[in-house]
Amino acid sequence: MYSLFRDLAIIILSAKFFGLVARKCKAPQVVGEIIAGLLIGPCLLNLVQISDSISIFAEIGVVMLMFTTGLGTNLKELIKAGPIATLIATVGVAVPLVGGTLLYGAFYGFAAVGSPEFYRALFIGTIMTATSVSITVATLQELGHLKSFLGTTIVSAAVIDDVIGIVVLTCVLGASSGTGTGLGKVLFNTLLFFATALGVGLVVHYAMKWLDQRNPHTQRITIVSMAFCFAMAYIAEEYFGIADITGAYIAGIVLCTMDDAPYVERRVDISNYVIFAPIFFASIGLKTDISGLTPEILLFCVCFVVVALITKIIGCGLAAKICRFNWDDSLKVGVGMMTRGEVALIVAQKGLAIGVVDPVYFTAVILLIVVSSVATPLALKAMFTKRPPVPHPSQAK
């Protein structure tokens with residue numbers, strides 16, 4: 001317990017210090033927080049090791065971040081962005097899936113469809129499909145573009161991407177283990193979750209509006225809102241197999257039209273900014289350990305990172321262009337969707353658990369998360385500063 005307090009003190013102080021340094025260098029603070037994790041973790045100084053307790057703090061951080069994102073969402077803009085986000089997410093899953101499968105085949109030979117090696121290759125592609133929106137959300141929030149149509153499209157596409165990724169993961173795991181894909185069950189659970197969320201959301205929506213009118217700007221509004229956030233995160237993960245961050249995001253969407261939604265958002269954001277979010281971003285660096293790299297694995301890791309980033313940019317960027325974004329904004333969508341995080345780790349760990357992939361490939365996933373987590377905020381800041389987004393044609397009156 002006492003070592004946890006020491007670790008938390010080191011993480012929070014180092015994350016905030018390097019976050020301020022990053023801001024002084026005109027880079028997003030999340031870049032500094034990730035670098036802090038690299039410095040104090042096993043990669044360099046080895047002052048702090050990742051533990052179950054730190055992982056729990058980090059998970060709370062990303063859940064709260066997605067909840068505040070939902071609270072700050074413009075519901076009308078989200079409805080407009082829905083069909084566009086779905087197309088972007090679908091293409092953004094398909095292109096990396098194919099790219100990762102071909103990359104493994106290029107390194108280790110193309111195997112017959114249905115063979116164990118084929119499923120290994122397919123699983124490498126499956127790892128590439130995951131998108132982590134948390135870092136992009138933090139960057140867009142810092143740049144002031146999170147609530148724009150473009151920002152809403154990116155966040156919505158990333159949430160839909162996770163749902164599609166869960167379906168793909170279940171199919172690949174089922175096929176590789178010989179137990180069947182279970183695609184029907186996955187689709188049924190996904191539809192059932194959103195139907196349940198719609199029904200519960202309507203009840204909670206009107207109940208919270210009533211409570212808000214009777215108790216405006218009070219702590220009890222924030223407390224009940226947070227309880228609903230964690231309840232939705234739990235229900236999504238435990239009963240439907242949907243990522244907990246998706247449940248938290250939908251909880252925020254349900255409450256976003258409440259009069260005190262900005263008040264709750266500020267209250268939750270204060271707690272998250274002080275402790276949970278820095279731990280989440282620093283934990284990415286803490287999970288990185290490059291001690292076991294060999295030249296062959298390093299080459300594969302580099303190619304894995306390059307292919308994963310390029311396929312997301314191409315897939316999501318071209319889909320955005322098809323949806324009538326201009327080339328500059330299409331590129332922003334592609335770059336905003338290229339971050340990988342906790343979902344990629346979960347996918348890789350599931351593959352390791354059943355033996356579809358070897359432990360050495362976990363290094364490639366960690367490297368991808370670190371590179372994409374650092375590169376995405378820097379690239380987005382440069383693009384939004386140099387070429388601000390323009391209104392989408394659907395916003396024209």
Side-chain angles (χ1 to χ4, degrees), residues 59-86 89 133-134 137 140-141 146-149 151-163 166 188-272 276 394-395:
E59 189 65 22
I60 293 173
V62 70
V63 166
M64 291 175 68
L65 183 61
M66 291 306 297
F67 177 58
T68 55
T69 301
L71 279 174
T73 300
N74 185 319
L75 192 58
K76 291 182 180 179
E77 294 292 335
L78 177 62
I79 294 172
K80 286 183 181 179
I84 296 175
T86 302
V133 73
S134 52
V137 164
L140 291 173
Q141 192 173 39
L146 181 59
K147 298 180 182 180
S148 65
F149 183 82
T152 302
T153 299
I154 294 174
V155 174
S156 304
V159 171
I160 298 169
D161 183 290
D162 282 341
V163 174
I166 290 168
F188 176 76
N189 285 343
T190 302
L191 292 174
L192 187 61
F193 167 73
F194 282 105
T196 303
L198 179 62
V200 172
L202 285 173
V203 175
V204 173
H205 171 77
Y206 288 110
M208 288 299 295
K209 278 204 164 188
W210 175 83
L211 183 65
D212 190 24
Q213 289 173 356
R214 291 175 62 91
N215 305 276
H217 284 72
T218 56
Q219 291 185 359
R220 67 191 65 178
I221 298 295
T222 305
I223 293 171
V224 176
S225 299
M226 283 300 305
F228 178 58
C229 161
F230 290 128
M232 286 298 291
Y234 171 76
I235 291 170
E237 186 81 40
E238 181 68 19
Y239 294 105
F240 298 96
I242 307 296
D244 52 5
I245 55 176
T246 303
Y249 179 68
I250 289 177
I253 294 293
V254 170
L255 303 180
C256 70
T257 57
M258 185 173 60
D259 292 338
D260 267 343
Y263 169 79
V264 175
E265 182 184 357
R266 289 194 303 271
R267 289 280 185 167
V268 175
D269 199 42
I270 289 172
S271 301
N272 205 27
F276 295 110
S394 65
Q395 296 177 286

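Heads up: numbering here begins at 1 and tracks the sequence.
Scanning all heavy atoms of the two residues, the minimum distance from M232 to I250 falls at CE-CG2, 4.2 Å. Among all heavy-atom pairs drawn from A261 and C256, the shortest one is CB-O, 3.6 Å. Residue I160 comes nearest to T86 through the heavy atom pair CD1-OG1, 3.4 Å, listed as atom of the first residue, atom of the second, then distance. The shortest non-hydrogen separation linking N215 to T218 is O-OG1, 2.8 Å. Closest non-hydrogen pair, A89 versus A157, comes out as CB-O, 3.3 Å. Closest approach of L65 to T69, counting heavy atoms only: O-OG1, 2.8 Å.
S156 places no side-chain N or O within 3.5 Å of a backbone atom of T153 that could act as its donor or acceptor partner. Listed for the D212 side chain is no donor-acceptor partner under 3.5 Å among the backbone atoms of M208. Remark: the backbone N or O of Y234 is not paired with any side-chain donor or acceptor of D244 at under 3.5 angstrom.
Between I221 and M258, some side-chain heavy-atom pair lies under the 4.5 Å cut-off. Side-chain contact between I154 and F149 is absent, with no heavy-atom pair separated by less than 4.5 Å. Side chains of P216 and D259 form no contact here, defined as non-hydrogen atoms less than 4.5 Å apart.
Between the CE atom of M64 and the CD1 atom of I245 there is a distance of 15.0 Å, given to the nearest 0.5 Å. Here R220 contributes atom CZ and L211 contributes atom CG; the two are 7.5 Å apart, rounded to the nearest 0.5 Å. Considering OG1 of T246 and CG of D161, their distance stands at 10.0 Å, rounded to 0.5 Å. In this structure, the separation between CZ on F193 and OG1 on T196 is 8.0 Å, given to the nearest 0.5 Å. For the atom pair CD1 of I253 and CE of M66, the computed distance is 9.0 Å after rounding to the nearest 0.5 Å. In this structure, M226 CE and R267 CZ are separated by 13.0 Å, a value rounded to the nearest 0.5 Å.
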Working for side chain to side chain contact (heavy atoms under 4.5 Å, CB included), residues I235 and V200: CA-CA 11 Å; I235 291 170; V200 172; over 6 Å; no

Derivation of the side chain to side chain contact (heavy atoms under 4.5 Å, CB included) call for V63 and C229: CA-CA 8 Å; V63 166; C229 161; 3.8 Å; yes

Pair V264-L255, side chain to side chain contact (heavy atoms under 4.5 Å, CB included): steps then yes or no: CA-CA 10 Å; V264 175; L255 303 180; 6.0 Å; no

Pair F276-V62, side chain to side chain contact (heavy atoms under 4.5 Å, CB included): steps then yes or no: CA-CA 8 Å; F276 295 110; V62 70; over 6 Å; no

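Between Y263 and H217, the angle of the ring planes lies from 30° to 60°, which puts this pair in the tilted group.
In this structure, F230 has its ring center at least 6.0 angstrom away from the ring center of F67.
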